[in-house]
Amino acid sequence: MQCHKATAEVNGLCNMKKVADLCSVNGFSEAALDKKKHNKPDEVALSAMEEAYSTILRGLGENTERQGLKSTPGRAARAMQFFTKGYRETVQDVLNDAVFDEDHDEMVIVKDIEMFSLCEHHLVPFFGKVHIGYLPNQKIVGLSKLARVVEIYSRRLQVQERLTKQIAIAIVEALKPAGVAVIVEAEHMCMVMRGVQKKNSRTITSAMLGVFREDPKTREEFLSLIKS
Amino acid sequence: MERTKANLSDNLTGTPQTANRHLEERLATTKYPARTGSSQGVCENGIPLSTVPDSWKEERTRSLEDNEMSLPSLAAAYTTILRGLGEDPERQGLLKTPWRAATAMQYFTKGYQEKITDVLNDAIFDEDHDEMVIVKDIDMFSMCEHHLVPFIGKVHIGYLPNKRVLGLSKLARIVEIYSRRLQVQERLTKQIAVAITEALKPAGVGVVIEATHMCMVMRGVQKMNSKTVTSTMLGVFREDPKTREEFLTLIKS
């Protein structure tokens, strides 16, 4: 189905080895989902999901008729749609208006952006903070748009590595800056609530593109600024 | 301390069930007094009312065989959900996700497989100790029954023994049994308190839970820093403000 292929492309695109190739390809934003198809959550899909959640409740041994659980399939289905609303949004819509020409060539950092996502392996939340820094090249972006880009990519079934890279590439593609750095640190409930059950462990991933990758001093400045 | 001596003498010379008066009340009524609009026939766990007096023993027992047998239908349900979200269940990252998610959900509700009696029977000891015993900062992970989204927090338990003490880790195990279910924080707090009361018949029990609800943080109102605090005070903890105050002060430090 077309929408599945588009999603797969969006998510699969970041498996490519050479990140630099992507900067010259316009295709990244074209690979976003066809917006007309996914403007609002599909009603048919919603009722199928509600049925699925009823099955899950019964399969867990619960009594679906009791007061607390009566509307749970509907609530859980809508909650899950909210947690994956990033599939229905494109970076173009969010960024198009807020790119400005400005003669600024110093580092711009937005840090401690709260991020909530869903692990695609267990369908269990992982959440944390995102720190983004970029070195503008004649173009700057509205600051909240960085947070909105984080929202678009985090509200999906994700893997932290891919999330980091997608955010970095979206900014590169929109602004063509001299460099972009993204760091995501998160706690994975799939590790905390089950499995190894290590409560205090955090996973940190980073994507350094352009000057941040080539010049160690730039990278060092970014890393020390986000720590303070 | 005066209050413990006074209550101990109450227990020795007064009615034996003084400390458990509130429990007696609960057993005698057909539904929780504070609850409005609950259905007539069952209490909120779905357990028929006739078995409420034995509720802490009458655990829902899901067995490992049940788990295995329901796994395929759970996995199929999760595949439907993935498709409904617009994802492609055939892509590499999602290929085994229905099975992993189903197993994870069974783990998050493993409290239905366990019985309090199995956990507690051996570890109740006769001990002439009448001072407060507190186990605090017990990490708790549960699932909100309304949205099927986790809520996580800490549980603080205190009790005043009446000749019987409980192995300390058993308090944490009781928390595990009741939290690994589809829960509501209020009910979870009460179930923990009632289980300890029924097992030990102590002079009093206090349970405080503070938790962060992902259903409020990740969606809906999206208030990141909000915490929900619920408490259940039974016996001496309910009647004597100083005892309660001592408990609350000790868990804060």
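Within every chain, numbering begins at 1; the chains are lettered A, B, ... in the order of the sequence lines, protein sequences first and strands thereafter.
At a 4.5 Å heavy-atom cutoff, the contact between B:M143 and chain A is made by side-chain atoms alone. Within the 4.5 angstrom heavy-atom criterion, no atom of B:D66 approaches chain A. Contact of B:S179 with chain A is not made at all, since no heavy-atom distance falls under 4.5 Å. A:V192 touches chain B through backbone and side chain together, each having a heavy atom under 4.5 Å away. Looking at A:K199, only its side chain comes within 4.5 Å of chain B, counting heavy atoms on both sides. No part of A:R78 comes within reach of chain B, as not one of its non-hydrogen atoms sits under 4.5 angstrom from that chain. Of the two parts of A:S117, only the backbone, made up of N, CA, C and O, holds a non-hydrogen atom closer than 4.5 Å to a non-hydrogen atom of chain B. Neither the backbone nor the side chain of B:L71 comes within contact range of chain A, judged by heavy atoms closer than 4.5 Å.
Residues A:R194 and B:T103 fail the side-chain proximity criterion, which asks for heavy atoms closer than 4.5 Å. In this structure, the side chains of A:E114 and B:Q222 stay at 4.5 Å or more apart for every pair of heavy atoms. Side-chain contact between A:I56 and B:I81 is present, with at least one heavy-atom pair separated by less than 4.5 Å. Side chains of B:M224 and A:F116 form a contact here, defined as non-hydrogen atoms less than 4.5 Å apart. Taking 4.5 Å as the limit, some side-chain heavy atom of B:L82 sits within range of a side-chain heavy atom of A:L123. Put simply, the side chain of A:L60 reaches to within 4.5 Å of the side chain of B:M105, judged on heavy atoms. No side-chain heavy atom of A:F82 sits less than 4.5 Å from a side-chain heavy atom of B:M218. You'll find the side chain of B:T80 stays beyond 4.5 Å of the side chain of A:T55, heavy atoms only.
Taking 4.0 Å as the cut-off between side-chain N and carboxylate O, A:R66 and B:E145 count as a salt-bridged pair.
From B:T109, atom OG1 reaches atom CD of A:E62 across 8.5 Å, with rounding to the nearest 0.5 Å. Atom-to-atom distance recorded for A:Q81:CD and B:L85:CG is 6.5 Å, nearest 0.5 angstrom. Atom CZ of residue A:R58 and atom OG of residue B:S70 lie 12.0 Å apart, to the nearest 0.5 angstrom. The CD atom of B:Q92 lies 8.5 Å from the CD atom of A:E120; values are rounded to the nearest 0.5 Å.
Of all the heavy atoms in A:A45 and B:G84, the pair that sits closest is CB-O, 3.4 Å. The minimum heavy-atom distance between A:L157 and B:R91, with the atom names listed, is O-NH2, 3.9 Å. Of all heavy-atom pairs spanning B:V149 and A:F83, the tightest one is CG2-CE1, 3.7 Å.
In this structure a side-chain-to-backbone donor-acceptor pair under 3.5 Å is missing from A:R75 to B:H147.
Of all the listed residues (B:M69, B:E90, B:H146), the one sharing the greatest number of non-hydrogen pairs under 4.5 Å with chain A is B:H146.
By the 6.0 Å contact criterion, CD on A:E51 is open, its count of non-hydrogen atoms from other residues, nucleotides or ligands being 12 or less.
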